Amino acid sequence: MNKPIDITGVELFTARLYLREWRESDLKDFYEYASVEGVGEMAGWRHHGSIEESKEILDKFISGKKTFCIDLDGKAVGSVGVEEYDEALFPEYADKPGRRIGYVLSKDYWGQGLMPEAVAAVIQYLFEMEELDFLNCGHYEFNTRSRRVIEKCGFEFVKNAEFKTVSGTSAPTREYILTREKYISMIEESAYYA
Ligand SMILES: CC(C)(COP(=O)(O)OP(=O)(O)OC[C@H]1O[C@@H](n2cnc3c(N)ncnc32)[C@H](O)[C@@H]1OP(=O)(O)O)[C@@H](O)C(=O)NCCC(=O)NCCS
């Protein structure tokens, strides 16, 4: 089952990143990366066509209280959302608290291992502070970059599914689960978990 999440006041620190709530003053940075074609499209949303569109989404991030801003040296360069997972897709977890993680990073910063670092911090927070039992994550079959983030964070492939695309059609996705047990066993092994 989806556990309600509220990240108000939560701050997470990694070797290079500061994860925090979104602020109205992040608008320019947000529009800068969200308006680049080929970024949001990999996560199921169309790149933003105007700063007003970014402002609308930013307001939702702020009021929704479930989306972290990835802050790199004072600049907002991405987001990690603690989304609701599809309960119909995972009936076996009906009596366990869980959520789904989604993320996007500014194209300017791809390939430096920043997202695995950010996602690992959110995973740690969700298991240790929110006491979730499992996390779900997924990617379009064609999104091999996201697949690598998911694998590096220790998620295990469970099943194929479908997810809507920006053009209104649906595309095959690969769905993964990270259990609390697997997380605990990874703490000593993985470079991303302290
Ligand atoms: C997926 C994403 C978050 C990866 O973040 P990241 O910080 O670059 O992750 P990593 O540095 O660990 O790189 C992941 C993989 O991307 C590939 N990659 C790295 N740099 C790249 C670049 N400049 N161009 C293309 N691919 C690159 C590599 O295969 C890498 O895997 P490897 O470490 O095994 O070689 C980022 O590409 C992104 O925001 N994409 C658009 C949104 C998206 O796909 N969101 C997820 C939806 S499910």
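As a basis for the values below, the full set of heavy atoms in this structure was taken, side chains included, without hydrogen atoms, waters or symmetry mates. Every number for a ligand or one of its atoms is a count from 1 in the order of the listing. Since the structure is predicted, the reported quantities are computational estimates derived from the model, not experimental observations.
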N/O separation below 3.5 Å, Gly111 to ligand 1: yes
Indicate if Met42 and Tyr103 have the same hydrophobic cluster label, given that clusters are the connected sets of ILVMFWY residues with side-chain heavy-atom separations under 4.5 angstrom. no
Which word best sums up how the rings of Tyr93 and Phe90 line up, parallel for under 30°, tilted for 30 to 60°, or perpendicular for over 60°? perpendicular
Between Glu83 and Lys66, is there a side-chain N and carboxylate O pair less than 4.0 Å apart? yes
Taking only heavy atoms of Lys152, which atoms of ligand 1 are found under 4.0 Å from at least one of them? 10 (P), 12 (O), 32 (P), 33 (O)
Does ligand 1 have a heavy atom under 4.0 Å from the side chain of Asn143, from its backbone, from both, or from neither? side chain
Per-atom contacts, ligand 1 versus Gly138 - under 4.0 Å to a heavy atom: 48 (S)
Gly102 near ligand 1, heavy-atom distance under 4.0 Å? no
With a 4.0 Å cut-off, would you call Arg100 and Glu175 a salt bridge? yes
Can you confirm, on distance only, whether ligand 1 has an N/O atom lying under 3.5 Å from any N/O atom belonging to Gln112? yes
Return a yes/no value for His139: is any of its N or O atoms, backbone included, closer than 3.5 angstrom to an N or O of ligand 1? no
Considering both backbone and side-chain atoms of Val104, is one of its nitrogen or oxygen atoms within less than 3.5 Å of a nitrogen or oxygen in ligand 1? no
Got Trp110 and Val39 here, is their nearest side-chain heavy-atom distance under 4.5 Å? yes
Inspect the contact between Glu130 and Arg99 and indicate whether a charged nitrogen and a carboxylate oxygen are less than 4.0 angstrom apart. no
Considering both backbone and side-chain atoms of Val149, is one of its nitrogen or oxygen atoms within less than 3.5 Å of a nitrogen or oxygen in ligand 1? no
Measure the distances from the heavy atoms of Glu151 to every atom of ligand 1 and state whether one is below 4.0 angstrom. no
Between ligand 1 and Met115, is the shortest N or O to N or O distance under 3.5 Å? yes
Can you classify the ring geometry of Phe61 versus Trp22 as parallel (below 30°), tilted (30 to 60°) or perpendicular (above 60°)? tilted
As an exercise, identify every atom of ligand 1 less than 4.0 angstrom from a heavy atom of Ala43. 45 (N), 47 (C)
Please state whether the rings of Tyr85 and Phe134 are parallel, tilted or perpendicular, taking 30° and 60° as the class boundaries. perpendicular
Are the charged groups of Asp108 and Lys75 less than 4.0 angstrom apart, N to O? no
Interfacing atoms of ligand 1 (cut-off 4.0 Å, heavy-atom, Val39): 41 (C), 42 (C)
Indicate, as side chain, backbone, both or neither, the part of Tyr140 found under 4.0 angstrom from ligand 1 when only non-hydrogen atoms are considered. neither
So for Ser146 against ligand 1, with non-hydrogen atoms under 4.0 Å, the contacting part is both
As a quick check of understanding, evaluate side-chain hydrogen bond (donor to acceptor under 3.5 Å, both in side chains) for Glu128 and Tyr183, giving each step before the final call. CA-CA 10 Å; Glu128 296 184 12; Tyr183 165 71; 2.4 Å; yes
When you look for heavy atoms under 4.0 Å from ligand 1, do you find them on the side chain of Arg145, its backbone, both, or neither? both
Looking at Phe163, Phe142, Trp110, the heavy atom closest to atom 37 (O) of ligand 1 belongs to Trp110
Carboxylate-amine/guanidinium proximity below 4.0 Å for Lys55 and Glu52: no
Output yes when the distance from some N or O of ligand 1 to some N or O of Tyr109 is under 3.5 Å, and no in every other case. no
